[in-house]
Amino acid sequence: MLYYSGGKLDEEITYVKGVGPAKADLLEKEKGIRTQWDMLMDIPFRYIDRREFKTVGQVYQEGELVQLKGKLLRKNVQGTGRRKRLTADFSDGTGTLKLIWFQGVQMMDKLLQPGMEVIVFGKLGFFNRQKNMAHPELEIIKKGESQREHKGLQPVYSSTEKLSKKAMDTRGIRKITENITEQLSERDLPETLPAYLLKKLNLISRYKAIKWIHFPPDHRELHEAKNRLAFEELFALQLKMLYKMKLRKKRFKGHDFPEVGSFFHRYFKEELPFELTNAQKRVVRQIRKDTQSGVQMNRLVQGDVGSGKTVVAVLAMLLAIDNGYQACMMAPTEILANQHYQKIEEQLSRIGLKTAFLTGNIKGKKRTEILEGLEKGEINVLIGTHAIIEDWVVFKNLGLAITDEQHRFGVKQRARLWKKSKERPPHVMVMTATPIPRTLAMTLYGDLDISVIDELPPGRKPIKTTKTSDRHRGKMNQFLKSEIAKGRQVYVVFPLIEESETLDLANLQEGYDQLLDQFPRPQYQIGIVHGRMKPEDKDREMQRFAEGKTNILVSTTVIEVGVNVPNASVMVIENAERFGLSQLHQLRGRVGRGAEQSHCILMTGYKLTEVAKKRMEIMCRTNDGFEIAEADLKIRGPGEIEGLRQSGDLNLQVASLATDAGILQSSRKVAKAILEKDPELSHPDNRLLKTMLKKHKTGDIIGQIG
Ligand code: ADP
Ligand code: MG
């Protein structure tokens with residue numbers, strides 16, 4: 001988010017030449033633009049090189065983006081109702097091409113007249129060997145204007161149908177923006193970065209950058225403008241996060257866990273059936289170090305599904321207990337929390353510790369008992385859902401709070417954990433199985449220390465992933481039967497998308513019925529789990545599957561998170577094209593936990609979009625969560641990444657987390673170096689940075705307390 005330090009550009013857009021109250025109103029409604037500065041922050045999403053035209057005769061590649069200049073010959077409206085469409089023949093002397101509109105037919109019909117000179121830009125298509133272009137970006141060349149308008153790179157702005165109707169299509173918006181920038185002087189757009197930084201990093205001034213991001217004379221200037229603004233954006237974010245992190249470390253003392261005591265040792269000796277991987281050992285060491293530093297720990301532990309985060313969590317909790325503190329662990333779903341509880345309680349009770357389980361559904365006497373046990377310190381470990389952070393849950397002395405699968409929790413919840421311990425906040429550890437690309441982690445969790453468990457326990461066989469479609473369902477069922485005959489279990493997952501929950505449930509039920517047909521009782525047992533079931537019923541079904549009583553578990557994505565049934569070795573994902581990459585990867589991670597070869601089968605429809613095809617291809621190619629996360633970021637952009645939606649909008653206007661990783665890294669490095677030298681930014685050279693800290697808003701969304 002780029003900010004404005006105040007001045008002329010705060011004036012309302014109404015007063016700009018060519019706007020007026022009606023247009024201003026619409027701009028605010030449609031795009032949230034109120035001031036002139038807002039208008040300048042409406043950054044073009046593309047630029048057209050107006051100097052480069054192709055000719056109809058010269059272009060031949062389907063899907064190619066081309067810009068053509070020519071005349072409209074005749075137009076024609078065909079069909080009625082939803083089938084209605086407008087076609088217009090376009091010619092530039094070298095050939096003709098059909099322009100087609102399926103939407104806004106009436107409006108375009110009014111606008112377009114045969115004989116008009118136009119520039120069209122769009123994707124080349126073919127129909128019956130005839131070249132066409134559907135919904136081109138179109139510009140009518142007015143006499144006398146063509147010379148001035150078609151110089152340099154031309155910005156393209158996003159518009160809406162309502163805006164277009166009021167002459168604020170990309171061209172109209174461009175005109176308004178031009179009117180603002182023409183009146184602009186250096187004084188109206190003061191510098192926000194210190195001169196020494198500009199010089200050192202070879203960045204252009206803010207004034208120039210904002211002018212050029214809208215009207216770049218050429219590619220070089222555009223690049224410089226983007227570079228400068230993206231740097232500023234990411235740098236401000238990093239500066240703010242690092243500053244707050246320092247402040248927090250100074251302000252919040254941490255509980256001290258000097259001892260590795262008897263509980264830790266006993267668990268290690270008696271309850272741990274395997275050797276820790278090197279990655280697990282490293283993370284435990286990092287936690288040890290954090291909890292003896294005198295500073296409150298805030299650590300993100302990232303580890304792919306199945307990398308063994310739970311043991312690390314238990315060991316960390318034992319450290320807390322060995323030093324006289326309580327610990328808690330919060331999971332996003334009841335199923336997952338319960339699974340953790342069952343396993344951990346069993347182990348910890350054997351070494352003499354008391355573990356309790358709390359969810360919103362646990363009420364009355366049972367709840368009262370737990371609450372008393374917590375306040376008196378008789379309960380050592382509390383495991384549960386969101387209920388744990390409710391105000392009525394009071395600990396005697398909480399030393400460590402862990403959240404599993406962090407991406408399901410919002411930042412506010414993270415902050416609430418902090419208040420669970422008197423005087424000092426507890427150490428906080430968040431565990432996530434969504435491998436977040438480094439760039440994102442740095443931006444989202446830039447105020448956390450990050451550990452990565454980058455090694456799977458030994459003996460795991462990589463999961464074999466294949467893609468198939470309905471046509472081969474018979475063959476797949478045969479395969480499932482052969483796996484079941486070997487004693488393995490199968491998950492079949494259906495997508496559940498909130499907007500059409502009932503429809504999806506019907507889908508799930510239908511799939512379930514079909515499976516019942518194909519896998520008849522009593523030879524086969526099939527269970528079903530979905531979000532609309534009562535928690536008890538859900539748990540019972542899960543339990544039956546975990547105990548091997550059911551061969552196939554049909555479910556919605558409620559099993560996505562954390563569930564661990566090592567004997568389940570086949571994951572069938574129905575309508576796989578409807579899932580995002582990271583979700584597919586999470587689901588696949590439910591298998592491959594035992595010693596057998598595991599399989600993931602992606603069942604898709606016939607017609608896949610390019611993006612969906614790519615996703616399937618990546619899934620079949622790799623098991624590496626980080627590679628998948630990077631690919632996901634590239635395909636979908638950061639806005640769609642799981643977790644980002646909940647973690648607040650980063651509001652980046654120019655920078656892109658997908659492509660500006662380099663700038664992000666350098667911005668963090670620079671911010672770090674500056675804060676090391678001048679922690680309070682009190683040096684006169686850093687005066688502008690102090691303002692930046694105050695003005696920059698985005699940093700506030702990131703895991704802060706108070
Ligand atoms: P996740 O990181 O997905 O939460 P879990 O903690 O559920 O993974 O661990 C997955 C499985 O791997 C569990 O069955 C666990 O007991 C096992 N496991 C964890 N660490 C090791 C290890 N070092 N060696 C062998 N098995 C391990
Ligand atoms: Mg887990």
Side-chain angles (χ1 to χ4, degrees), residues 253-299 301 303 307-331 337 339-358 369-384 388 393-404 417 420-431 451 453 457:
K253 297 276 168 269
H255 300 296
D256 203 11
F257 300 172
E259 302 286 329
V260 179
S262 61
F263 291 118
F264 189 99
H265 284 305
R266 268 191 71 190
Y267 178 86
F268 211 91
K269 257 199 239 124
E270 295 166 23
E271 296 296 330
L272 206 60
F274 41 69
E275 170 111 22
L276 292 183
T277 62
N278 285 325
Q280 286 169 321
K281 284 183 196 160
R282 187 180 64 236
V283 178
V284 172
R285 271 201 305 274
Q286 284 167 338
I287 295 166
R288 276 275 291 145
K289 204 167 149 210
D290 286 353
T291 52
Q292 294 176 87
S293 65
V295 170
Q296 187 231 10
M297 170 174 85
N298 264 282
R299 187 166 284 281
V301 176
S307 60
K309 292 182 292 294
T310 319
V311 195
V312 173
V314 172
L315 290 171
M317 294 200 285
L318 291 170
L319 276 178
I321 296 165
D322 272 339
N323 290 280
Y325 294 97
Q326 292 164 298
C328 72
M329 181 159 152
M330 184 161 75
Q339 196 178 37
H340 278 319
Y341 171 71
Q342 300 290 345
K343 196 148 181 217
I344 294 172
E345 197 275 335
E346 191 190 325
Q347 295 181 324
L348 296 193
S349 67
R350 283 198 293 259
I351 59 173
L353 292 174
K354 193 162 158 86
T355 307
F357 179 61
L358 185 68
E369 254 175 51
I370 294 173
L371 295 183
E372 274 176 24
L374 285 172
E375 260 197 286
K376 285 189 188 144
E378 288 162 3
I379 292 172
N380 307 98
V381 170
L382 181 67
I383 294 174
I388 289 187
V393 180
V394 179
F395 291 84
K396 183 174 178 220
N397 58 351
L398 183 66
L400 170 70
I402 299 175
T403 73
D404 194 13
L417 270 178
K420 282 282 153 208
S421 139
K422 296 154 205 145
E423 289 164 38
R424 295 175 179 189
H427 293 299
V428 172
M429 179 172 147
V430 296
M431 305 197 292
S451 298
I453 306 186

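The analysis underlying the following values was restricted to heavy atoms, covering all of them including side chains, and did not include hydrogens, waters or symmetry mates.
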Please report the shortest heavy-atom distance between His340 and Ala331, naming the atom on each side. CD2-CB, 4.4 Å
By salt bridge (Lys or Arg N to Asp or Glu O under 4.0 Å), Lys343 pairs with (sequence neighbours left out) none
Worked check of side-chain contact (heavy atoms from CB on, under 4.5 Å) between Arg285 and Lys281: CA-CA 6 Å; Arg285 271 201 305 274; Lys281 284 183 196 160; 4.2 Å; yes
Restricting to side-chain contact (heavy atoms from CB on, under 4.5 Å), what partner residues turn up for Glu259, sequence neighbours left out? Asn323
For Ala316, check side-chain contact (heavy atoms from CB on, under 4.5 Å) against everything at least two apart and list the hits. Ile287, Leu400, Met429
Any side-chain donor near an acceptor of the partner, Asp290 and His427, under 3.5 Å: no
Result of checking Gln286, Arg282, Lys309 against Ser451 for side-chain hydrogen bond (donor to acceptor under 3.5 Å, both in side chains): Gln286
Which atom pair, heavy atoms only, marks the closest approach of Met317 to Ile402? CG-CD1, 3.6 Å
Using ring pair (Phe, Tyr, Trp, His ring centres under 6.0 Å), reason through Phe395 and Tyr325 one step at a time and then give a plain yes or no. CA-CA 10 Å; Phe395 291 84; Tyr325 294 97; over 10 Å; no
Determine, stepwise, if the pair Phe263 / Leu348 fulfils side-chain contact (heavy atoms from CB on, under 4.5 Å). CA-CA 9 Å; Phe263 291 118; Leu348 296 193; over 6 Å; no
Measuring from Leu318:CG to Arg266:CZ, what's the distance to the nearest 0.5 Å? 11.0 Å
Does Gln280 reach the main-chain N or O of Ile453 with its side chain, forming a donor-acceptor pair under 3.5 Å? no
Could you please spell out the steps behind the side-chain contact (heavy atoms from CB on, under 4.5 Å) verdict for Leu353 and Tyr267? CA-CA 11 Å; Leu353 292 174; Tyr267 178 86; over 6 Å; no
